[in-house]
Amino acid sequence: QSGSKIIEHMHDDREHGAGRQLLGVLRDKGRLNAMVCVARWYGGINLGPRRKLLYGNAAKDVLELH
């Protein structure tokens, strides 16, 4: 937050929609001055469309801890 203006940024790194999903979690939780980064290594299993749900769940889990 800069004064009364909120500055947001997201980056998907070619995981279309993942950054938007994580930014949505931060908004839903009302978090300011926070960053969430989820990393995934491909281990031979395609996650398909549910990968965005998994990213969001990972972000929610870590925000509940802090």
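If you take CG on D13 and CZ on R40, they are separated by 11.0 Å, rounding to the nearest 0.5 Å. Taking CG of L53 as the reference point, atom CG of L47 lies at 10.5 Å (rounded to 0.5 Å).
Under the 4.5 Å side-chain criterion, counting only non-hydrogen atoms from C-beta, L23 is not in contact with V36. Residues E8 and L26 are not in side-chain contact: their nearest non-hydrogen atoms beyond the backbone lie 4.5 Å or more apart. You'll find the side chain of R31 reaches within 4.5 Å of the side chain of L63, heavy atoms only.
Under 4.0 Å is where a charged nitrogen must lie from a carboxylate oxygen, and between E15 and K52 no such pair does.
For CG of L65, the number of neighbouring non-hydrogen atoms (other residues, nucleotides, ligands) closer than 6.0 Å is greater than 12.
Using a distance-only test at 3.5 Å, with no hydrogens or angles considered, a donor-acceptor pair links the side chain of R51 to the main chain of G48.
Taking hydrophobic clusters as Ile, Leu, Val, Met, Phe, Trp and Tyr residues chained together by side-chain heavy-atom distances below 4.5 Å, Y55 shares a cluster with V62.
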Using the rule given for side chain to side chain contact (heavy atoms under 4.5 Å, CB included), can you reason through M10 versus Q21, listing the C-alpha separation, both sets of side-chain angles and the distance that settles it, and then say yes or no? CA-CA 9 Å; M10 63 164 180; Q21 175 78 15; over 6 Å; no
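The minimum heavy-atom distance between V25 and G56, with the atom names listed, is CG2-O, 4.0 Å.
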